[in-house]
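This report refers to the structure that appears directly beneath it.
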Amino acid sequence: MRLALAIASLLILVVHGSVFYQQFFHRWERHQTAYFDQAKSLSKNDRERAALNERSPRIEQTIVTQFGEQRVDRCITCHVAADDPRFAGHAQPLKSHPYLVSLGDKKKENGSWERRHKYADFGCTVCHEGQGRGLQAQYAHGDDHYWPEPMLGFITQEPWKKEYLPYLKGKEYLEVSCAQCHTEENFAGTPTIAKGRQLFFANNCYGCHKVEGISDGTLGPDLSEAGHKFKIDYLWDSIVDPRSNAANSFMPKFNLKPDEVKALVVFLKSRKGINFAETGLERYKTRLAEATKTEGGPAAAAKEISGGAELIDRFACTACHKLDGKDGGIAPDISYAGLMRDEKWIGDHFRDPRAVIPDSIMPTFRFTDAQFQAMTVYLAGRKTPVAATLTGKELYKEVCARCHGEKGDGLGPIAIYLDPSPRELTKTAFMTSKPRDRFKKSIAEGVAGTSMPPWAKVMSDGQIDSLLDYIDTAFVKSKRPAPKDRKLPETNPVAMSKESVQRGEGIFVARCGGCHGRKGDGKGPNSLDILPRPRNLRNTQFVNSVNDRRMFDSILYGVQGTAMPPWIDYGLNQNDVGDVVNFIRSMNKKGRE
Amino acid sequence: MSETTEVPKKAKTFDRLRVLPQEVWSSLFRHPLPDSDLGRSQTSFTNFFLHIHPVKVNVHTLKPLYTMGLGLISFFLFVILTVTGILLMFYYVPSVQQAYDRMLDLRGSVAFGTFLRNMHRWGAHLMVAAVFLHMCRVFLTGSYKKPREFNWVLGVVLFLLTLFSSFTGYLLPWDQLAFWAITVGASIAGYAPVVGKEMQFLLLGDTAVGQEALLRFYVLHIAVLPAVMTLMIMVHFWRIRKDGGLSRPEEAALPVAAAEVPKARKFGLQGLVRGQVLNAGNSPEKTVYSWPNLFMAELFVFVFTLAVILVLAMFFDAPLEEPVNVTHPPNPAKAPWYFLGLQELVSYSAFWGGVGIPGLMVAALLIAPYVDRGRKGVGKWFARERLLANTLFVSFALLNVILVIIGTFFRGPNWEFVSPW
């Protein structure tokens, strides 16, 4: 017992000893002592030396109240020579901050410099970020991965993705802090931000994202405070691989070079909501002014109508779409727009893409009416069909592969941005269960409510046939069996009535909701694991294009090659299906919701 | 009178000065270090801090493997927490603007700041564990039985108070960990039927965790709960004495015929005791003097507890996460570890996990001594006579521990099952 007591007591003594040691021999004390010694040897007169002799190590701090919340910057406790020009050549932490013309520092006649941003006013973290209160390097610099503001361009934190680390350092990141006061668009000190802002427009980011005072997109997250909310590695990750941080993101992967990503990251990091340069009142006034901004007069409109091509170029439509030689690799080919759609369709689609293709991810842009008109006129005028000499195989490569994939697997480069997904032409079970006429019709007339446009005017009837032949031989690779004799009504035998719709809804929620969702939007709980995705039955254009016979076929006998089972085997009779069809039709009636 | 006049004045002053230190000493400590049984008795009897102990204790009480010192460990942790807590209070401000900055200052520039915080943090976690284990010990040795039923009830209440103290303290650093743990914990309270939302509002002073909640938790944590706990601990200790010391097997406490006192006799003051005379200390052959046996053991438990805390505080830093961001919950947001069992249950059913099952468990603990009235099996670990009760208790205790472990290590984003490896 006594021995155990003695050992435990000794342990307590040891811990006390080492804690006291840590407490009374700080690293910053050593730095300061070293500074005093070296400064003494550099001193030119006794007065300086006497002043240095007076000083003893202590916590030095600058309290900054001018910039947002009160900051307590203790950086100069270690970096005690930050403002001592004699230490320009020393190693950190005893190195003096360089004098830079780019920072506005001025060289005086006697050769000494005067700082533009005096440390007594600005402190350190206003520009460099980091944790001003910390006195251990790891905390002060922000190595601790919990700290939201590690030193800009200098510190990378432990959980950050290794492959990005080399890009996340560098002086450019410090422009973020410059821009909190120097908000001018083309301020000489912030070239990277200017470049990022330009890229933000060139790549159509503005179409989906809102950044206050810059853009009004509503499709993607509001980025007005992105710099305040996210660290640079997160921003980098989200731009390079949008689905890495949000699995459901439909943001396209843009093909950007690292220096472009960096410019965008720096630009976004500088968007911190309210910045130092403006007050809440000023901000409110600008917002009011923006809201009441008037469009240019009729003369300007007339001028714009003639400039559709130029506008499409200026608004960077080809950042996503393909138009002749330019291909953004994200959205459909619009080279043949005039042969596929009429002016009304194009105009409607411009003003609200989801009015005609309900699951489109195209942003609703806020252009003026004249601008929409001009671009519509231009696109509707594009009426050059494909070369008549193209064979099925060449045609497929030219116009189909972009969505349906080179291998016909429905995984073309832009397929992930389309909803519903392009048909998987290699799925034999499906491809052989439908008659050739149906496919021909889909190609010639398009599939309403989806990104499949009508091709009848783009290619000749013979070309469509040779295209289908190619698909059959290259992808389907199997003959269609003789069509089964199925008992299907031409029109719904159950009359549309309130009661029928109600019965249909009951059956739908119980039987169909798991995949098609209770609302019929194709987003039921099972839908995530199913490919092709369950049909969105609120896609009015599509539903209205499908006749009753096909509906009954799909429901009663299932859709081969998909997860849709033949419900006739699961106890639904023709009357039940009639109710369900009535329910689906009622959802897509005009005036409902 | 006549004597003093004969002594020279100078010598008198000098002599008095010479004996002064000794007089001061003996006024503080009435007895020299004891070397006789009388001295041992007097030492423990006349010292304020020692007199809560009996002069003699049963040897069974001193067996280390019987109590494992868990109750004492809990008490000493409480003392350590009080001391470190008071020191931390000198630096803390319960304001949402300042709290987190104060944490940074504690870590960066306050002398011993990190160390104090570490001690307080790990002490609090250990105390929850120690109190829980103490409760297990008391149950598994059947020590809650008559006449100790009420002390068991006090103990259960003290356990709940410990949890609540720890919970209220969890919010004070005002970092992401604190904010979301309390948000989750408080919403568990909100699942109670009828009064749930009101209770949550009363606790938080708002519909969400904010300045009001911080202030309330602070006051509860530093004033209300410690005061209540101190009082309850005092009663808890007092009852130990009044209930005849720690429990022990029957053979250790030889039954002494209860002296039924005839009414006709006359008594001095002691004689006012009527009815059954308590058994405490009635088996002289099996008792030893508290000084030094008991005090040495207690000292060891204290030194051991302190040493563990110090070593923990030295090598592991208390976490401090991001400043609070109310729009950005971590995924998953977890309650403090001792409530993760509840959170795990809540993930199956809000009412049953948050209120029903814990409520039933607490109720079962509270009435256990009144339901389980058999007198057999007291004072022995896992007594055969108490197989049913012990099995029930161990199953529930293990179930809780397993749920806490699942909640802590096996739950990832969206509360989905993940492997910690």
Side-chain angles (χ1 to χ4, degrees), chain A residues 1-24 26 28 58-61 63 69-75 77-78 130-140 142 144-150 157 222 225 228-231 234 245 247 273, chain B residues 62 64 69 80 96-98 100-116 118-119 173 175-178 292-315 317 319-328 330-331 413-414:
Chain A
M1 172 63 83
R2 274 160 210 267
L3 183 68
L5 203 59
I7 293 171
S9 307
L10 189 71
L11 206 59
I12 292 178
L13 207 67
V14 170
V15 175
H16 272 91
S18 74
V19 169
F20 272 75
Y21 178 82
Q22 283 172 4
Q23 200 57 56
F24 292 115
H26 293 291
W28 55 263
R58 60 167 200 174
I59 297 176
E60 303 279 350
Q61 62 187 19
I63 294 177
E69 285 170 19
Q70 188 193 60
R71 288 163 186 265
V72 179
D73 284 359
R74 302 198 173 116
C75 317
T77 304
C78 287
Q131 190 189 100
R133 286 172 188 261
L135 281 177
Q136 291 140 292
Q138 52 157 341
Y139 293 126
D144 167 30
H145 71 269
Y146 289 124
W147 187 245
E149 297 172 338
Q157 293 180 333
D222 184 343
E225 292 184 25
H228 177 64
K229 285 180 185 161
F230 305 115
K231 297 180 186 175
Y234 184 95
N245 289 312
Chain B
L62 290 173
I80 292 172
V96 294
Q97 279 88 25
Q98 286 196 52
Y100 188 80
D101 285 345
R102 293 285 173 155
M103 289 295 125
L104 296 180
D105 281 348
L106 268 177
R107 183 166 74 185
S109 43
V110 172
F112 305 111
T114 313
F115 196 67
L116 279 177
N118 293 351
M119 278 179 79
D175 60 351
Q176 280 286 77
L177 181 68
N293 302 293
L294 177 61
F295 301 143
M296 204 61 163
E298 291 189 350
L299 181 66
F300 172 72
V301 173
F302 174 66
V303 170
F304 170 77
T305 312
L306 186 62
V308 169
I309 288 288
L310 287 177
V311 171
L312 280 178
M314 170 113 170
F315 289 107
D317 278 348
L320 183 65
E321 298 194 350
E322 296 96 331
V324 166
N325 182 350
V326 292
T327 58
H328 203 271
N331 189 358
N414 304 330

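Letters A, B, ... mirror the listed sequences (proteins, then strands); counts begin at 1. For clarity, every value in this text was computed on a predicted model and none was experimentally measured. Only this structure's heavy atoms are used, side chains among them; waters, hydrogens and symmetry mates stay out.
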- request: Grab the two heavy atoms, one from A:Gln23 and one from B:Ala111, that are nearest each other, plus how far apart they are.
  value: NE2-CA, 3.2 Å

From [X] atom [atom1] to [Y] atom [atom2], the distance as rounded to the nearest 0.5 Å:
X	Y	atom1	atom2	result
B:Asp101	A:Gln131	CG	CD	9.0 Å
A:Tyr146	B:Asp175	OH	CG	8.5 Å
B:Glu322	A:His145	CD	NE2	7.0 Å
B:Thr114	A:Gln22	OG1	CD	9.0 Å

Do [X] and [Y] have side-chain heavy atoms sitting under 4.5 Å apart?
X	Y	value
A:Val19	B:Phe112	yes
B:Arg107	A:Asp144	yes
A:His228	B:Asn325	no

What part of [X] is in contact with chain B, defined as an atom under 4.5 angstrom from a non-hydrogen atom: side chain, backbone, both or neither?
X	value
A:Phe24	side chain
A:Gln70	neither
A:His26	neither

Listed pairs under 3.5 Å, donor-acceptor, residues 2-12 of chain A side chains, sequence neighbours left out:
unit_1	atom_1	unit_2	atom_2	d
A:Ser9	OG	A:Leu5	O	2.7

Validation: residues 302-313 of chain B side-chain donor-acceptor distances under 3.5 Å, sequence neighbours left out:
unit_1	atom_1	unit_2	atom_2	d
B:Thr305	OG1	B:Val301	O	2.6

